[in-house]
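Here's the structure, in structure tokens; my notes come after.
Residues: numbered from 1 along the sequence shown. All heavy atoms count here, side chains included; hydrogens, waters and symmetry mates do not.
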Amino acid sequence: MLFRSNFGIDYTNSNIRSLQHTFDSDVVRNNTSASTLSQTHSTKWTWSNTLQYNFDIVENHNVNVLLGVEAHQDNYIDFSARRTDYPLETIDYMWPSAGTGIQNVTGAGDSYKLMSYFGKVDYNWNDLLLASFTLRYDGSSRFGKNNQYGTFPSVSLGYRLSKHINADWLRDWKIRASYGVTGNQGMNSNTAHYGLYVANYGSDRENSTAYDVNLQGSGTLPSGYYKLQSANEDLKWESSSQLNFGTDFSLFGGDLYGSYDVFFKETKDMLVQPAFLGAIGFGGQTWINGPTLKNWGMELLLGYRHKTAYGLSYDITGNVDFYRSKVTYLPEKSKNSYEHNDYHNLAQDEKAYGSRIGYVVEGLYTSREEVLAHGQAGARVGGLKYADLNGDGKINEADRTWIFNPVPDFSYGINVNLGYRDFDFTMFWQGVANVDIINDQKFQTDFWSITDAGSNKGERLIDAWTPANSGSSIPALTTSNGADEGRLSSYFVENGSYIKMRTLQLGYTLPTAWAKKLLLSKARVYLSGDNLLTIKSKSLTCSDPENTAWNYPHTASFTFGVQLGL
């Protein structure tokens with residue numbers, strides 16, 4: 001029997017005192033002296049206790065029991081004080097109590113707690129049958145008082161078939177199955193279930209909760225409040241249940257190995273903060289338990305490793321996986337948060353979470369007669385031509401359809417490890433096949449009117465449509481966006497397929513005798529490169545399929561390193 005109790009605390013305290021005063025010059029004149037003091041405390045502690053008991057029922061039947069309880073708390077406090085007008089401007093004197101002018105105090109705090117009870121039973125019968133049973137009971141302060149705790153069970157079974165098969169070519173073969181439920185409380189809010197009210201000293205009647213007759217919020221008048229967030233005491237854990245089947249195998253002395261897995265997953269009560277109608281006004285913002293999402297998929301991994309008689313060792317693995325996803329339930333309160341209209345709904349159409357609807361672009365208008373005949377408001381020669389899907393002779397919301405699916409056909413990877421004497425070599429490739437991406441960079445590279453016209457643009461604009469360049473697929477240049485060509489359409493949806501060389505590394509380990517002369521047990525030098533090569537879809541018009549908006553790009557990098565062991 002083994003009992004363990006662990007208590008860990010992470011405490012940070014930053015106390016920053018800053019002295020601010022202005023100075024006279026030919027450009028700026030301000031005779032007000034001021035000081036600001038701020039203090040921030042962040043404290044995290046965890047207390048974990050476990051009791052473990054290992055015993056044999058009979059020979060070759062082993063049981064391991066684990067019971068535990070764990071508590072966690074995270075606290076954050078921020079405080080700041082400001083005062084103006086000091087008769088003496090020195091940092092040792094300018095504490096807020098010494099000032100005679102305006103004083104302001106601000107402060108904020110945030111906290112959340114977790115409490116967990118858990119138990120686990122592992123069973124092993126002669127390394128032939130393996131079983132594990134786990135039960136968790138977790139509570140979080142982030143949820144309403146009606147549903148703070150959630151119960152999350154899991155079970156797994158494994159059976160080693162190779163013990164019943166006497167064959168030289170079979171080294172190991174195991175089949176396994178598992179089922180489990182996991183909880184998620186990973187919101188970015190510790191006050192999600194509360195009704196929140198705030199005071200706002202604004203300068204207008206619309207937003208201010210305290211203003212004088214001149215509509216000037218001075219900060220000294222009695223203030224009312226407005227509702228920032230509606231309470232939801234029924235808010236509860238997001239839960240995911242998953243069923244897995246798999247097998248692991250090792251053949252021909254372990255040279256050929258691999259695994260195959262298939263899973264079925266359902267996520268319920270997803271934690272979302274839905275959009276709300278403007279008519280609701282203040283307090284429309286709230287956290288709710290939203291959609292239900294079903295996923296299923298498979299993954300196959302194969303590897304081959306061997307060491308030749310002349311000293312070359314290699315280990316090459318490849319994997320391919322895919323998954324399919326669909327939304328099966330969408331609460332009425334959350335529908336405004338997702339792309340839909342009267343004809344398309346995520347749950348009714350069983351589309352993948354994140355799918356979006358938009359307009360289908362048929363090409364560009366090439367003549368004034370074509371513009372007049374199509375029924376598209378604000379259309380122009382050389383502009384985007386949207387498909388009239390319902391055939392009513394006009395372009396409107398009813399012509400939107402599903403144009404974006406974030407789920408790729410499949411993903412894959414290839415990993416190569418080579419070794420020869422004291423040299424080692426690693427290469428890793430990773431890729432995604434046939435996935436939709438929304439190329440936000442097109443707003444800058446293909447249009448002059450949608451975004452700020454005065455900023456730099458992409459060179460694709462040089463090939464924009466003109467009567468003399470009528471074969472171009474890039475809209476004609478204009479400073480007017482009368483046709484609303486920035487609306488989501490198939491023009492911005494592209495094929496984001498790619499394969500990337502993620503890692504390329506060459507290393508050399510010094511012979512043991514050389515390392516000992518340097519008083520080391522091991523010494524290795526290496527040169528490594530990351531993101532060195534990208535092969536992408538020919539139809540993709542941006543340089544990096546993983547950077548289709550304005551994020552920092554995945555740049556190529558080189559690293560030279562030395563690893564030493566004493």
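- Within 6.0 Å of OH in Y194 there are 12 or fewer heavy atoms belonging to other residues, nucleotides or ligands.
- Side-chain polar atoms of N295 and Y353 form no donor-acceptor pair below 3.5 angstrom.
- Taking OH from Y260 and CG from L301, the interatomic distance works out to 13.5 Å, rounded to the nearest 0.5 Å.
- Counting only heavy atoms from C-beta outward, the side chains of F79 and V105 approach each other to under 4.5 Å.
- Side-chain atoms of S355 never come within 3.5 Å of backbone atoms of K351 as a donor-acceptor pair (strictly under, hydrogens ignored).
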Practice task
Decide side chain to side chain contact (heavy atoms under 4.5 Å, CB included) for W402 and I357; before the verdict, give the C-alpha distance in whole Å, the side-chain angles of both, and the deciding distance to 0.1 Å.
Solution key: CA-CA 4 Å; W402 296 109; I357 61 173; 3.2 Å; yes
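- Within the 3.5 Å criterion, the main-chain N or O of N396 finds a donor-acceptor partner in the side chain of D399.
- Between D78 and T40, the shortest heavy-atom contact is OD1-OG1, 2.9 Å.
- A salt bridge (Lys or Arg N to Asp or Glu O under 4.0 Å) check over residues 230-241, counting only residues at least two apart or in different chains, returns the pairs K236-D269.
- Contact between P545 and T534 at its shortest, heavy atoms only, is CD-CG2, 4.3 Å.
- Proximity of M270 to L293: side-chain heavy atoms (C-beta onward) are separated by under 4.5 Å at one or more points.
- Here F322 and W296 bring their ring centres to under 6.0 angstrom of each other.
- S411 places no side-chain N or O within 3.5 Å of a backbone atom of V432 that could act as its donor or acceptor partner.
- Figure legend: cation-pi geometry between R142 and Y112, with NZ or CZ positioned under 6.0 Å from the six-membered ring centre and within 45° of its axis.
- Checking side-chain atoms of S490 against main-chain N and O of V493 turns up no donor-acceptor pair under 3.5 Å.
- Across every non-hydrogen atom of N405 and A352, the tightest pair is OD1-CB, 3.6 Å.
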Practice task
Start with the C-alpha gap between N75 and S111, add the side-chain angles, then the distance that decides, and say whether side-chain hydrogen bond (donor to acceptor under 3.5 Å, both in side chains) holds.
Solution key: CA-CA 4 Å; N75 295 310; S111 176; 2.6 Å; yes
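- With hydrogens and angles ignored, the 3.5 Å screen pairs a side-chain donor or acceptor of N481 with a backbone N or O of E485.
- The shortest non-hydrogen separation linking L384 to P475 is CD2-CG, 3.7 Å.
- Here the OG atom belonging to S239 is positioned 14.0 Å from the CD atom belonging to Q185, to the nearest 0.5 angstrom.
- Side chains of Y179 and N244 form no contact here, defined as non-hydrogen atoms less than 4.5 Å apart.
- With salt bridges taken as basic N to acidic carboxylate O contacts below 4.0 Å, none links D530 and K500.
- D349 places no side-chain N or O within donor-acceptor distance of the main-chain N or O of H344, the cut-off being under 3.5 Å.
- Scored by the side chain to side chain contact (heavy atoms under 4.5 Å, CB included) test, V416 finds I316, I414, L418, M427 as partners (sequence neighbours excluded).
- Checked against a 6.0 Å centroid threshold, the rings of Y412 and W429 do not count as neighbours.
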Practice task
For the pair Y491 and L364, evaluate side chain to side chain contact (heavy atoms under 4.5 Å, CB included) and give the outcome as yes or no after the intermediate values.
Solution key: CA-CA 11 Å; Y491 186 78; L364 304 179; 5.6 Å; no
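- The backbone N or O of T267 lies less than 3.5 Å from no partner atom in the side chain of S240, so there is not a single donor-acceptor pair.
- Rounding to the nearest 0.5 angstrom, the gap separating the OG atom in S497 from the CG atom in D409 is 7.5 Å.
- For CD1 of I102, the number of neighbouring non-hydrogen atoms (other residues, nucleotides, ligands) closer than 6.0 Å is 12 at most.
- When every heavy atom of N390 is checked against every heavy atom of A398, the shortest pair comes out as ND2-CB, 3.5 Å.
- Atom-to-atom distance recorded for H72:NE2 and S140:OG is 10.0 Å, nearest 0.5 angstrom.
- Both tests pass for R487 against the ring of Y359: distance under 6.0 Å to the centre and angle within 45° of the axis.
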Practice task
Evaluate the criterion side-chain hydrogen bond (donor to acceptor under 3.5 Å, both in side chains) for residue pair S480 and T478; output intermediate values, then yes/no.
Solution key: CA-CA 5 Å; S480 174; T478 180; 5.0 Å; no
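- Nearest heavy-atom pair across Y365 and A379 is CE1-CB, 3.7 Å.
- Between the side chain of E546 and the backbone N or O of G496 there is no donor-acceptor pair closer than 3.5 Å.
- In terms of modelled atom types and a separation under 3.5 Å, the side chain of Q505 and the main chain of F425 share no donor-acceptor contact.
- Here CD of Q444 is found 11.5 Å from CG of N439. Values are rounded to the nearest 0.5 Å.
- Side-chain contact between S141 and F143: absent, with no pair of heavy atoms (C-beta onward) separated by less than 4.5 Å.
- Summarising the local packing, CZ of R368 is surrounded by 12 or fewer heavy atoms from other residues, nucleotides or ligands at distances under 6.0 Å.
- You'll find the side chain of L235 stays beyond 4.5 Å of the side chain of N147, heavy atoms only.
- Taking the side chain as every heavy atom from C-beta outward, Q273 and Q229 approach each other to under 4.5 Å.
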Exercise for the section: Using the side chain to side chain contact (heavy atoms under 4.5 Å, CB included) rule, take H374 and E362 through it: C-alpha gap first, then chi angles, then the decisive distance, then the call. Expected result: CA-CA 12 Å; H374 203 58; E362 295 182 319; 4.0 Å; yes
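- Side-chain contact annotation: D315 with N417, donor-acceptor N/O pair under 3.5 Å absent.
- Aromatic ring centres of F443 and F492: separated by under 6.0 Å.
- Counting only N and O atoms by type, the side chains of E266 and T292 include no donor and acceptor under 3.5 Å apart.
- Atom CG of D261 and atom OG1 of T247 lie 9.0 Å apart (nearest 0.5 Å).
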Exercise for the section: Kindly indicate, with the supporting measurements, whether the criterion side chain to side chain contact (heavy atoms under 4.5 Å, CB included) is fulfilled by Y386 and Q376. Expected result: CA-CA 8 Å; Y386 301 111; Q376 179 178 322; 3.2 Å; yes
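- For the pair I403 and L488, the minimum side-chain heavy-atom distance is below 4.5 Å.
- The pair K294-E350 does not count as a salt bridge, with every side-chain nitrogen at least 4.0 angstrom from each carboxylate oxygen.
- Looking only at side-chain heavy atoms (C-beta outward), T548 and I438 stay at 4.5 Å or farther from each other.
- The main-chain N or O of T366 is found under 3.5 Å from a side-chain atom of E370 such that the two form a donor-acceptor pair.
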